[in-house]
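Here's the structure, in structure tokens; my notes come after.
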Amino acid sequence: MKSLIDIMELSTAEIDELIETALDIIANPEKYSEKCKGKKLASLFFEPSTRTRLSFEAAMYELGGNVIGFSEANSSSAAKGESVADTARTVSCYADIIAMRHPKEGAPYVASLKASIPVINAGDGGHNHPTQTLADLLTIRKEKGRFDNLTIGVCGDLKFGRTVHSLIGAMSRYSGVRFVLISPEELKVPEYIKTEILDPKGIEYKESASLEAVMPELDILYMTRVQRERFFNEADYIRLKDTYILTAEKLSGAKDDLCIMHPLPRVNEISVNVDDDPRACYFKQVLYGKYMRMALILKLLEEAAK
Amino acid sequence: MIIGQIKDGIVLDHITAGRCMDIYNILKLGEMSSTVAMIKNADSVKMGKKDIIKIFESIEIDLDVLGYIDPGITVNIIRDGELVKRKKLSLPEQVTGVIKCKNPRCITSVEQELPHKFRLTDRENKVYRCIYCESKASSGNNE
């Protein structure tokens, strides 16, 4: 593994290894506080992001490393028309590892082809966001203790929601996993998720337009935001954004050990009165994301040193 | 088909009927100075009707491109009037510069110098996906 562009590049064994490292970081943070001393992370964010950028930067600082970079395309040479490939080559001269977010799909992959240092895809448009999936996987492992025999409900924007697509891909590799796909008609999962992932692996799934109707079945409820930036048409966004709102009342039929997840940021799809419910795991998910990014940075720098 | 008429050259046989002009254009045969013969709607035991292209010169043909456009084609290489090689085509694993990615969110939409490459992801259904954004291409168009 030289770079990480798509979560499916990681085998389940590699994911297990990253999770074990993350768990060890959680248990023994001091052991890792100087692991990246003298190393630099280039944080190249061509579009705004609070959580992911701060998570990567916090991860590198907690490993004893340093961070250089930019947080919007206007303050980078991309504003002058520099190609992603040239940026990647240039940054390779300054840093030891790159975390790249870009509005165009495939940009981090292009960077990984040209950079001489590892590249981590920190989100490319509506395409991939593998470190979010790593955060999701650690959350599931910590909260449920296993990856197999789980009924996972994914709710909201299943059409454009890249985190959902990656999570389905990653979790489809474990036995006994069942998916409940909860969305309005217009935001159903793309057909290829069914024909290329779920059907070939014989994975059980069902589609539902009602969150309440399926709530009692779920071990995990993964909520998503209807993202304004994925719509070309503002009217469609306005019409669909409030379709599913999770409230304490809707949780009345849920299992006691349900794990409620959300990649964040949320707008209003999870009511704040759910935040204090012990089943709400979305802020823990943020913290787990930082630990998985630490584990990933360590792993990629180790591989690069070989 | 009398292949003996060609001394050195190539016969593209079993072209899907009606597609020989597409092949002619994509292989840029119009830019060659040597003789090119096209036969449309020839009788075929196997296919009912087929097209054939005879190229009276030994040239390099991008078999991947040809395989993507019409994987049923047989390529016959003629040297000194003899058939020296017969190649059956199949869908190539990857094609470059044949399909254009039409996803407006793809990096290729803004970085013009990037080669448009597509990878075969489902041989049975002839599904190619852009190597950058994974958009699906179908019969030369992607979704």
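A note on names: the letters A, B, ... follow the listed sequences, proteins ahead of strands, and every chain is numbered from 1.
- Within 6.0 Å of NZ in A:Lys201 there are more than 12 heavy atoms belonging to other residues, nucleotides or ligands.
- Neither the backbone nor the side chain of B:Thr108 comes within less than 4.5 Å of any heavy atom in chain A.
- The two residues B:Tyr132 and A:His127 make their nearest non-hydrogen contact at O-CE1, 3.2 Å.
- Counting heavy-atom neighbours within 6.0 Å of A:Lys114 NZ, excluding the residue itself, gives a total of 12 or less.
- In terms of heavy atoms, A:Lys104 sits closest to B:Ser109 at NZ-OG, 3.6 Å.
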Test log, rule side-chain contact (heavy atoms from CB on, under 4.5 Å), inputs A:Glu191 and B:Lys136: CA-CA 11 Å; A:Glu191 270 306 298; B:Lys136 185 176 168 184; over 6 Å; no
Criterion side-chain contact (heavy atoms from CB on, under 4.5 Å) on A:Tyr192 and B:Arg129, from CA distance to verdict: CA-CA 11 Å; A:Tyr192 81 88; B:Arg129 289 191 179 277; 3.4 Å; yes
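- B:Asp122 CG to A:Thr195 OG1: the interatomic distance, rounded to the nearest 0.5 Å, is 8.0 Å.
- Considering SG of B:Cys130 and CD of A:Glu105, their distance stands at 9.0 Å, rounded to 0.5 Å.
- For the residue pair A:Ser83 and B:Glu111, the shortest heavy atom distance occurs at CA-OE2, 3.3 Å.
- Listed options B:Leu114, B:Val110, B:Ile131 were ranked by heavy-atom pairs under 4.5 angstrom with chain A; first place goes to B:Ile131.
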